[in-house]
Amino acid sequence: MKKFVLLSALALVACGTGSKKPVETPKDQLVHRLFGYAQNGQIAYGHQDDLVYGHNWVLTDWENDPLERSDVKDVTGKYPMVLGFDLGGIELGQAKNLDGVPFGLMRKAAQKHVERGGIVTFSWHPRNPLTGGDAWDVSSDQVVKSVLRDGEKSGEFKLWLRRAADFIESLGVPVIFRPWHENVGSWFWWGGKLCSAREYQELYRMTWLYFTKDRGLTDILWCYSPNGDCSPQAYMERYPGDEFVDILGIDTYEYVGNGSVEEAGVRYMEELKGALTYLTALSYEHEKLMCLSETGLEGLPDPQWWTARLLPAMKDFPVSYVLTWRNAHDKPGHFYAAWKGFENEADMKAFAELENIILLKQ
Ligand code: BMA
């Protein structure tokens, strides 16, 4: 894999090279660690909801569980380096998230993972504050407007932000947070056709300002992660600004649809390489980290997806980490990492054993 000289210069800038070296905050340490991966041509591997359930198991007595089970570990012998969770449901003060993960367990798993040397990241699929529907309810294009400034839902929305911030604060560890994701497409209420670019930026900045300034939560790396099938112009049109973002991400999946797996794989690689090409240019220009914030092929029908698709498409770019989506325990075909006994297992293991793919040793 390529090494990235320019990024190493950026990492030095981020470290401060003067004689009086400033004390590194946990956030700085995480930034430098991620820059370190990218500049060495390494990519950390992540998995959503790992440690709390897998393809055919789910933790129940989690208070008394050591959290040592993981589909990724069953296959590769190691934990993923990055552990992703979703906050959806926290805004209503619910005990479990939208996929049934108790927030108490999420906290315990995130803390345990960081203690073991891993990195945690949070996405958020909050309900629709105007209609009462879910994050995918796109029946109104007035939702973002309704939570901004003196909009009719702005008071209630402040409470939603407070609950999300309370949870992140309660973790006591640095996190990567990527709210308002896949915002160029129009499948979430904050999506491209549902609000103006200005309104989207205000939503993102308002979230950042509340967490950072009102609450003093400064150990957060903010990730901006549109769906990667957009143009660089569309990507930047809604960008909240350098002050509010630490990592440039993209969410890009392989979809088989009605065609063959082979065709889907070729399309995926082309799309991913295209997106990572412009993301690399943007990351240099804006001096930001970059990541593949979500990816995967549902049900992994390609036995060599890891080494023949994902790896060749991303390996020549300074991607600090890649995260594959969750292995649902209650939807048999909804998984994005291999599990013990699945035919794609050997290929995922081979991928995880590559020198430049970084997982977390037990
Ligand atoms: C989607 C699917 C859903 C899930 C949502 C939030 O991509 O996995 O089943 O509810 O993410 O985690």
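Because the structure is a prediction, the values reported are computed rather than measured.
- Heavy atoms only, all atoms of each residue included: Phe35 and Leu289 are closest at N-CD2, 3.4 Å.
- Sparse packing is recorded around NZ of Lys96, with 12 or fewer heavy atoms of other residues, nucleotides or ligands lying under 6.0 Å away.
- Note that the CG atom of Asn183 and the OH atom of Tyr200 stand 3.5 Å from one another [nearest 0.5 Å].
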Between Glu243 and Arg205, is the salt bridge (charged side-chain N to carboxylate O under 4.0 Å, His left out) condition met? List the steps. CA-CA 9 Å; Glu243 192 188 336; Arg205 291 172 190 157; over 6 Å; no
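- When Asp71, Asp86, Asp99, Asp50 are each tested for a salt bridge (Lys or Arg N to Asp or Glu O under 4.0 Å) with Arg326, only one passes: Asp99.
- Using a distance-only test at 3.5 Å, with no hydrogens or angles considered, a donor-acceptor pair links the side chain of Asn327 to the main chain of Tyr336.
- The side chain to side chain donor-acceptor pair (under 3.5 Å) contacts involving residues 269-278 comprise nothing, where partners must be two or more places apart or lie in separate chains.
- Annotation: Phe244 is not in aromatic contact with Tyr204 [ring centroid separation under 6.0 Å not met].
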Set out, in order, the CA-CA distance, both residues' side-chain angles and the distance that settles side chain to side chain contact (heavy atoms under 4.5 Å, CB included) for Val322 and Tyr45, then state yes or no. CA-CA 5 Å; Val322 54; Tyr45 169 70; 4.3 Å; yes
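- By the 4.5 Å heavy-atom criterion applied to side chains, Pro126 and Trp189 are counted as neighbours.
- Counting heavy atoms from C-beta on, the side chains of Tyr235 and Leu248 come closer than 4.5 Å.
- Of the inter-residue distances, the one linking Leu105 atom CG with Leu59 atom CG reads 6.0 Å to the nearest 0.5 angstrom.
- Not one N or O on the side chain of Ser225 forms a donor-acceptor pair closer than 3.5 Å with the backbone of Asp251.
- Neither Val266 nor Met269 shares a network with the other; the hydrophobic side chains, linked directly or stepwise wherever heavy atoms of I, L, V, M, F, W or Y lie under 4.5 Å apart, form separate groups for each.
- Of the possible polar contacts, none joining the Ser320 side chain to the Ala38 backbone as a donor-acceptor pair under 3.5 Å is found.
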Audit row: Ile43, Met314, side chain to side chain contact (heavy atoms under 4.5 Å, CB included) steps and yes/no: CA-CA 9 Å; Ile43 302 176; Met314 71 176 180; 3.9 Å; yes
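- Expressed to the nearest 0.5 Å, how far CD1 of Ile90 lies from CG of Asn97 amounts to 9.0 Å.
- Side chain of Lys288 to main chain of Asp242: a donor-acceptor pair is present (N/O by atom type, distance under 3.5 Å, no hydrogens or angles).
- Using a distance-only test at 3.5 Å, with no hydrogens or angles considered, no donor-acceptor pair links the side chain of Glu237 to the main chain of Gln233.
- Across all their heavy atoms, Tyr284 and Pro318 have their closest contact at OH-CG, 4.4 Å.
- Side chains of Ile250 and Met290 form no contact here, defined as non-hydrogen atoms less than 4.5 Å apart.
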In sequence, state the C-alpha distance, the side-chain angles, and the governing distance for Asp137 and Arg127, and then conclude on salt bridge (charged side-chain N to carboxylate O under 4.0 Å, His left out). CA-CA 8 Å; Asp137 179 350; Arg127 308 278 309 177; over 6 Å; no
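- In this structure, Phe167 and Phe122 have perpendicular ring planes: the angle between them is above 60°, well past the 30° mark.
- Interatomic distance, CG of Leu217 versus OG1 of Thr212, reported as 7.5 Å (0.5 Å rounding).
- Looking at Val120 and Gln111, their side chains never come closer than 4.5 Å, going by heavy atoms from C-beta outward.
- Residue Ala264 comes nearest to Tyr255 through the heavy atom pair CB-O, 3.3 Å, listed as atom of the first residue, atom of the second, then distance.
- When Trp57, Phe335, Tyr53 are each tested for a ring-ring contact (aromatic ring centres under 6.0 Å, His included) with His329, only one passes: Tyr53.
- A distance of 8.0 Å separates CG in Leu354 from OG1 in Thr307, rounded to the nearest 0.5 Å.
- Closest heavy-atom contact between Leu83 and Ala109: CD2-O, 4.0 Å.
- If you chain together hydrophobic residues whose side chains sit under 4.5 Å apart, Val184 and Met236 never meet in one group.
- One N or O on the side chain of Asp219 and one on the backbone of Lys27 form a donor-acceptor pair closer than 3.5 Å.
- Ring centroids of Trp222 and Phe211 are separated by less than 6.0 Å, placing the two rings close together.
- Taken to the nearest 0.5 Å, the CG atom of Leu359 stands 5.0 Å off from the OG1 atom of Thr76.
- For His125, the ring pair (Phe, Tyr, Trp, His ring centres under 6.0 Å) partners at least two apart in sequence or on another chain are Trp136, His181, Phe188.
- Remark: aromatic rings of Tyr224 and Tyr239 are close, center separation under 6.0 Å.
- Atom CD of Glu355 has 12 or fewer heavy atoms from other residues, nucleotides or ligands within 6.0 Å.
- Arg33 CZ: more than 12 foreign heavy atoms inside a 6.0 Å radius.
- In this structure, the side chain of His32 engages the main chain of Asp28 through a donor-acceptor pair within 3.5 Å.
- When hydrophobic residues (I, L, V, M, F, W, Y) are linked wherever their side-chain heavy atoms come within less than 4.5 Å, the members clustered with Val138 are Leu194.
- In this structure, Lys145 places its NZ atom where only 12 or fewer heavy-atom neighbours from other residues, nucleotides or ligands lie under 6.0 Å away.
- Proximity of a side-chain donor or acceptor of His47 to a complementary backbone N or O of Trp325 within less than 3.5 Å is detected.
- Shown here for Asn344 and Ala338, the closest heavy-atom pair between the two residues is OD1-CB, 3.7 Å.
- Between the side chain of Glu254 and the backbone N or O of Gly265, at least one donor-acceptor pair lies under 3.5 Å.
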Dump the intermediate steps for side chain to side chain donor-acceptor pair (under 3.5 Å) on Glu91 and Trp124, then the final yes or no. CA-CA 10 Å; Glu91 66 281 359; Trp124 189 14; 3.0 Å; yes
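- Environment of CZ in Arg107: crowded, with over 12 heavy atoms of neighbouring residues, nucleotides or ligands closer than 6.0 Å.
- Within a 6.0 Å radius of CG in Asp150, no more than 12 heavy atoms belonging to other residues, nucleotides or ligands are found.
- The shortest non-hydrogen separation linking Leu310 to Phe351 is CD2-CZ, 3.9 Å.
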Starting from the C-alpha separation in whole Å, work towards a yes-or-no answer on side chain to side chain contact (heavy atoms under 4.5 Å, CB included) for Leu360 and Lys78. CA-CA 6 Å; Leu360 182 60; Lys78 295 178 214 162; 5.7 Å; no
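- Contact of the Tyr268 side chain with the Asp302 side chain is not registered, since no non-hydrogen atoms from C-beta on lie closer than 4.5 Å.
- Comment: Arg238 does not engage Glu199 in a salt bridge, judged by the lack of any side-chain N to carboxylate O separation of less than 4.0 angstrom.
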Does the side chain to side chain contact (heavy atoms under 4.5 Å, CB included) test come out yes or no for Asp49 and Phe85, once each step is laid out? CA-CA 5 Å; Asp49 283 354; Phe85 284 121; 3.2 Å; yes
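- Distance alone, capped at 3.5 Å, is enough to place a donor-acceptor pair between the Lys108 side chain and the Asp65 backbone.
- No path of Ile, Leu, Val, Met, Phe, Trp and Tyr side chains, each step under 4.5 Å between heavy atoms, connects Leu159 with Leu92, placing them in separate hydrophobic clusters.
- Both cation-pi conditions hold for Arg116 and Tyr79: the charged atom is under 6.0 angstrom from the six-membered ring centre and inside a 45 degree cone around its axis.
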